[in-house]
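To find a chain, count down the sequence lines: A is the first, B the second, and so on, and within it residues start at 1.
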Amino acid sequence: MKASGVAVMRAPPAEVWVALADPAVLAAAIPGCRHLESAGPRAYRFSIGAGLGSLRGEYAGEITVSEQQEPASFVLTAAGAGGPGTVSVRVRFRLTGGAGGTTVLGYDAEGGVGGLLAAAGERVITAVAQRMAADFFRAVNRQLHAGNVGAIIRRCS
Amino acid sequence: MSSLFGARVQRVEDDRLIRGRGAYLDDLGADALAAAFVRSPYAHARITGIDVSAALEVEGVAAIYTHADLPDRLGQPLPLLIPHPDLTHGRTPYPLAKEEVNHVGEAVAMVVAADRYLAEDAADLVDVSYAELPAVVGIEAAREAADLVHPDVPGNRAANSVQEHGDAAAVIAAAPRRLELDLHIERSASTPLEGRGVLARWDEHAGQLRLWTSTQTSTGVRAAVAARLGLALTDVDVITPDVGGGFGVKIVHPWPEEVLVPWAARLLGRPVKFTEDRREHFIASAHERAQLHHVTVGFDDDGRIRGLSVRFWHDNGAYVPYGLIVPIVTSTQLLGPYKPDAYRVEFDSLYTNTVLVTPYRGAGRPHGCFVMERTIDAIAAELGLDRTVVRERNFIQPGEMPYDQGLMFQDGRPLSYDSGDYPALLAKLKQLIGWDEFAARKQAAAAAGRRLGIGLACYVEGTGVGPYEGGHVLVETSGKVKVATGLTTQGQGHQTVLAQLVADELGVPLGDIEVVTGDTRRFGYAVGTFASRTAVMSGSAVTLAARKAREKALRVAANALEVSADDLVIEDGIVHVKGDPDAGMSLGTVAVLSNPLRYAFDEAAAAATQFAGGGDLTRPPVAEDDEPGIEGRAYFSPVRSTFASGMHAAIVATDPDTAEVTILRYCVVHDCGRLINPRIVEGQIHGGVAQGVAGALYERMAYDEYGQLQNASFMDFLMPYVSEVPRQIEIDHLETPSPLNPLGVKGAGEAGVIPGAAVLAAAIEDAEGIAITSMPISPSDLFELRRGAGA
Amino acid sequence: MTGEELHEVALTVNGTARTARVPARRLLSDCIRHDLGLTGTHVGCEHGVCGACTVLLDGAPVRSCLLLAVSADGCDITTVEGLAAGDGTLSPVQQAFAECHGLQCGFCTPGFLTTITAGLKANPEPDDEQAREMVGGNLCRCTGYQNIVASVHRAAELTRAAGLAPRPGAPA
Amino acid sequence: MKPSPVGYSRPHSVAEAVQALASLGPEAKVLAGGQSLVPLMSLRLARPEHLVDINRLTELGYIDISGSNVTVGALTRHAGLLASTAAGRAQPLLAHALRCVAHPAIRNRGTTVGSLVHADPAGEMPAVLALLGGSVRVASGRGDRVIEAADFFLGPLESALEPDELAVEARFPVLAPAAGTGFAEVSRRRGDYAICGVAVLASLTDDGSSIRQAAAAYLSVGPVPVVLDLTDAVAAQPAGDRAASYAGVRELAAQHLRPEGDIHATAAYRRQLAGVLTERALRQAVAAAAARIGGGRS
């Protein structure tokens, strides 16, 4: 499953960079995040309640940040497992300055689900993932600027 | 009494089944503990730890086992059932994964609990940690071998095999014309409506195991389980209950569950049952069909094939417990009714991190038929000849039978066709579907904006392969006849067909005959049900056994009636003098007299006791060369396989807007030698055709690049409903008897499925004018092909 | 984990009052098969696609694997075991399947029999389209459906001949 | 494939039901027909802690056709609504779409309101509600509220209901005079989730000579039902005329829809279907409208 898109963040790249490296921000932004703790340099242990509608599940796993080129780009890798199956995603973020002190945050995500999810959830997984991405950026924005919601433009390949 | 051979007799099996009184695996063992399995969510990973502590807390859990708990013999990899000299790197799974998992669904731990609900609760709580490894998915990835499934198998290559007659390369080079094609068939699976299942009871006092399993070979399971559990064969009974379909997948044995469940039952001193659920069947049983073929063919201007060279790659999944049967069948059966001057075939059997691959109805034949028939259609197109003409010019002629193709077949014996009349079959098919009239119909439809296409495909099917089957026939003193054969039945109507044969031989009514299959208590020597072999093998064996019983019955009756056996006949269960129905006795009485008794337990028995008088007092009650009772046991072991044949044709309409394919007509001409029960043969063809259509238009296994099966449910694996199969399957028969068995029969079980992909690819190609080289094809696929062709 | 709460479920099955004590999550299919011991109803997929587990709930065909037993409390259920007459006479639908070779392995058959029984009650004289529609939600892997559709027509014929309506064992 | 442990209560009134939902919290789910929820539970993709079974709320089994709406209670089964000739007359699109909902055995148990709340992007009834501009009335301890279709579907399998709310009825506007509806979908097997489906509502000029307005709603082309106004493409096109070209709607659909690919269909194929089916459904709708006007005259 691949998804890429662009989110407009209402803050300059430097601030966005800091926000995205801040466990507190991530904890508040990751949809359904129950718990997020540092697990060494640029690594976090998380547990989340993810999914939508009837299709919910508890997942636990690790997030690692790599290939950091402050403040231009970094790669976030998350792998988790839970009752409904396994989830792994690798997202490359690209930060570029936009008009009026904004940041255009481009992302290319590549991920897969395993176990039960893959076997039966295929029909809605992509849509669920995209919605979670949208929620994530909306939340990051909220953190950056209370109430300011970035416009999410989605493109899927 | 008129012969039942060839009669459209109603099935004797049905009464129980339509009343809901069938006994399938999960209908048994109400008192048994339930097993559930923890299965790998990863296609390829190292197991770094297993923690069962939380799972053990679940109320009702009796035990949880991992590989570490398995005793020596059971901890070994499962057997490689069919070793073949070319299978240089055979690998088989452990009953429970040891250190590494090689496909999603591989069993890692076994939970035994009070019921399946609780077992699944506990399975959820077994915490397995994995270190993920790169997954090898798809034939291309396996071939490139950037990653390896098994580190000690270079190139992911389990086997490389070559067969050749004549110098194909030279003949092709010398041929006036040449073509090359790449042809692909995707994965599908047997998917019977009932999954696998096994129930075990251990008798502590007798030290004996009784095992019920939904299998296509009870004797095979018995031998394998006895070996793994260190038991004597005589201490293991394997009983096949009603089986809800097999189609190949249930010939594999022993499945991990088939050895683990009886082991646990013995350990726990409680009956244990495993009932596979639908998701497990998709990710933990077996698939088939995926192959990639490259064809080089040399032919002349008349369309006569000179040389044929086929190189193909077979995806055998993570393990090869069933050996190379599928690719070997493809490589040999590919030739069908044709006779190229020279033929070379080479295949690689490749490992991937997917569910293992074993025979599914047709077992490699559908792929071979697809390759050969697509090749002939391509030759016809190249030369602008009618597709039936090119076929006629390449047919083996009836006068050339028996015809030796110069190859070794799947039974290790010469690929030699016993009989058949291919020109006659084609003539029947053209007539049935109206081949010659179609062009006009197509033109008329086109004028009305409709796209029609017609296609046909021919096949020859090796059936009734050895080594042997046996039969036992016993006449009880009640006059009832008990028949047993060792192979198993999954709904094909074996009881009916075998009863028809015995009824004819013994002259008893069908209703007095009871046939038992797949019960090692009743018949211990058998091979199994596969390769359309029951009518040929058990049919012949049971017939020979019935003849022995008849001969004995006539001898005993002749003594009692003081006439010559030659003057006796058996009609309606009465042995009597020809033309004098009153001068006779019932078979039951003959059975009584055949067994000299000391003790009388009823009226009839009294007639056979020592003081009943009669008999020659100077000779022993049972002659030296004789035995008590009216029974016969016989085995049938043919020198080689019989070769059935058939041809299918279909007319399809393709929607110009939605690219949906509708089958307007589907015609079958079929030659399986003499027909024992046409109704049952036609039923087998119906089911086969439906599976052929499914494999051509609907069913595939959708693996993603991580080795996750994305359609492991009946929601997304598109097994056809009535709305997806042809409204009417039109059938015509030809009967060219086989000289290789006393009945002149050939197998019929798989025939219907074989040409499905080839026929529909040809028909769609004819409608669209776009080459169809990969099956199955969905409307979306066809739409994309149109875009590619700029149509 | 401690024992689950059990709920009393009262059902009329094939005309007989039955009760079972089951946890809320028990599927009706499992309740019928394992708690009530009526194993004629089969389970082919447990996600509502195959139709093998079809029973008549208050006369209407439903997938018993898509119902929780607790939710069917108080309902009238007809399973394949309830189709034949009290004296064992086969119902027209059962008779037709035997005559037309409408089954092979027999595993999906109970779902077809119950579905058609209700279908013919609603529409005693289906044309070919309606006959196919009637069995359109049930999967069979053996027969290619040819003889199942034939069985629907034959059952309609037998029903008319006998001048009786197809019987769910109990009044709907 | 067995559900994980779950609590259970079976209220006998809407008041009891909403009270239960309020006290049980977000991990409780309403069980109506269960035709979507129970298989998800068996697959253990859904693991609600508690079920509130509303199958005893027989007072919610109504179909009310008064004034401007066909109002369907939460316990009305698909089959019941499909069988209602009155409902079919008042809003023919209901029957058109319901015939495509799974198979009869599923429709015998599944509820129409339940399928709306489940909000499956491949569901027929959400698209119908969205096209007709209907609404859903929900009850909770905090009182009742009515959610318009436009605000009801938030995402795949996600409706606007709060955890403590019970959907008690859905309102489908009746068909206006001089209007007609059409429904077309393509699924791999009969009864499967559609690869693409389209519901169309079209209205004609009073004399029935030409199209005044048309709109379509799509299933399986986005995370929620997508509604598209077709008027610009077909306004003033002659109605009831076989030769009339509605090809414009194909373009329109292709431009505005962004379907995704999956194992059954590529995005491009879905887009193609959206166009083709829009035209087919539109033809049905226009023909139906013309027939009504014709019928009205005679």
Donor-acceptor contact below 3.5 Å, side chain [X] vs main chain [Y]:
{"X": "C/Y145", "Y": "B/A690", "value": "no"}
{"X": "C/Q146", "Y": "B/I729", "value": "yes"}
{"X": "B/R278", "Y": "C/G44", "value": "yes"}

Counting heavy-atom pairs under 4.5 Å to chain B, which of [options] comes out on top?
{"options": "C/G136, C/G48, C/A52", "answer": "C/G136"}
{"options": "C/T41, C/I148, C/L27, C/T79", "answer": "C/L27"}
{"options": "C/T143, C/V149, C/T109", "answer": "C/T143"}

Which bit of [X] is near chain B, if near means a heavy-atom gap under 4.5 Å: side chain, backbone, both or neither?
{"X": "C/E46", "answer": "side chain"}
{"X": "C/R132", "answer": "both"}
{"X": "C/E133", "answer": "neither"}
{"X": "C/L139", "answer": "both"}

In Å and rounded to the nearest 0.5 Å, what is the [atom1] to [atom2] distance from [X] to [Y]?
{"X": "B/Q10", "Y": "C/C100", "atom1": "CD", "atom2": "SG", "result": "8.5 Å"}
{"X": "C/H42", "Y": "B/D242", "atom1": "NE2", "atom2": "CG", "result": "8.0 Å"}
{"X": "B/F247", "Y": "C/C105", "atom1": "CZ", "atom2": "SG", "result": "6.0 Å"}

For chain C, find which of [options] contributes the most heavy-atom pairs closer than 4.5 angstrom.
{"options": "B/I680, B/L28, B/T191", "value": "B/T191"}
{"options": "B/E724, B/Q492, B/E699, B/E13", "value": "B/E699"}
{"options": "B/R361, B/M719, B/R16, B/R727", "value": "B/R727"}
{"options": "B/V243, B/L17, B/L193", "value": "B/L193"}
{"options": "B/P192, B/P720, B/G22, B/G246", "value": "B/P720"}
{"options": "B/G683, B/P726, B/A54", "value": "B/G683"}

Pairwise side-chain contact, [X] with [Y], heavy-atom cut-off 4.5 Å (strictly under):
{"X": "C/Q94", "Y": "B/D14", "answer": "no"}
{"X": "B/Q691", "Y": "C/R141", "answer": "yes"}
{"X": "C/R25", "Y": "B/D121", "answer": "yes"}
{"X": "C/H34", "Y": "B/D115", "answer": "no"}
{"X": "B/Y721", "Y": "C/N138", "answer": "no"}
{"X": "B/E682", "Y": "C/N147", "answer": "no"}
{"X": "C/M134", "Y": "B/V722", "answer": "no"}

Answer with side chain, backbone, both or neither: which region of [X] has an atom nearer than 4.5 Å to a non-hydrogen atom of chain C?
{"X": "B/R21", "answer": "neither"}
{"X": "B/A694", "answer": "side chain"}
{"X": "B/E194", "answer": "both"}
{"X": "B/V725", "answer": "both"}

- request: Over all heavy atoms of both residues, which pair between C/V80 and B/I18 is shortest? Give the atoms and the distance, please.
  value: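 Closest approach of C/V80 to B/I18: CG2-O, 3.6 Å.
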- prompt: What heavy-atom pair brings C/G88 and B/R19 nearest, and what distance separates the two atoms?
  reply: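 Taking C/G88 first and B/R19 second, the nearest heavy atoms are O-NH1, 2.8 Å.
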task: In sequence, state the C-alpha distance, the side-chain angles, and the governing distance for C/Q104 and B/Q684, and then conclude on side-chain hydrogen bond (donor to acceptor under 3.5 Å, both in side chains).
output: CA-CA 9 Å; C/Q104 288 183 27; B/Q684 289 299 303; 3.1 Å; yes
- prompt: Would C/D30 and B/R116 satisfy salt bridge (Lys or Arg N to Asp or Glu O under 4.0 Å), going step by step from the backbone distance to the final call?
  reply: CA-CA 10 Å; C/D30 286 333; B/R116 174 81 184 204; over 6 Å; no
task: Quick one: sort the B/Y24 and C/F107 rings into parallel, tilted or perpendicular, breaks at 30° and 60°.
output: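 Perpendicular, since the angle between the ring planes exceeds 60°.
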- request: Verify side-chain contact (heavy atoms from CB on, under 4.5 Å) between B/D26 and C/V43, making sure each step is shown before the conclusion.
  value: CA-CA 9 Å; B/D26 191 54; C/V43 168; over 6 Å; no
- prompt: Would you find more than 12 non-hydrogen atoms of other residues, nucleotides or ligands less than 6.0 Å from B/R8 atom CZ?
  reply: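 Atom CZ in B/R8 is crowded, with more than 12 foreign heavy atoms closer than 6.0 Å.
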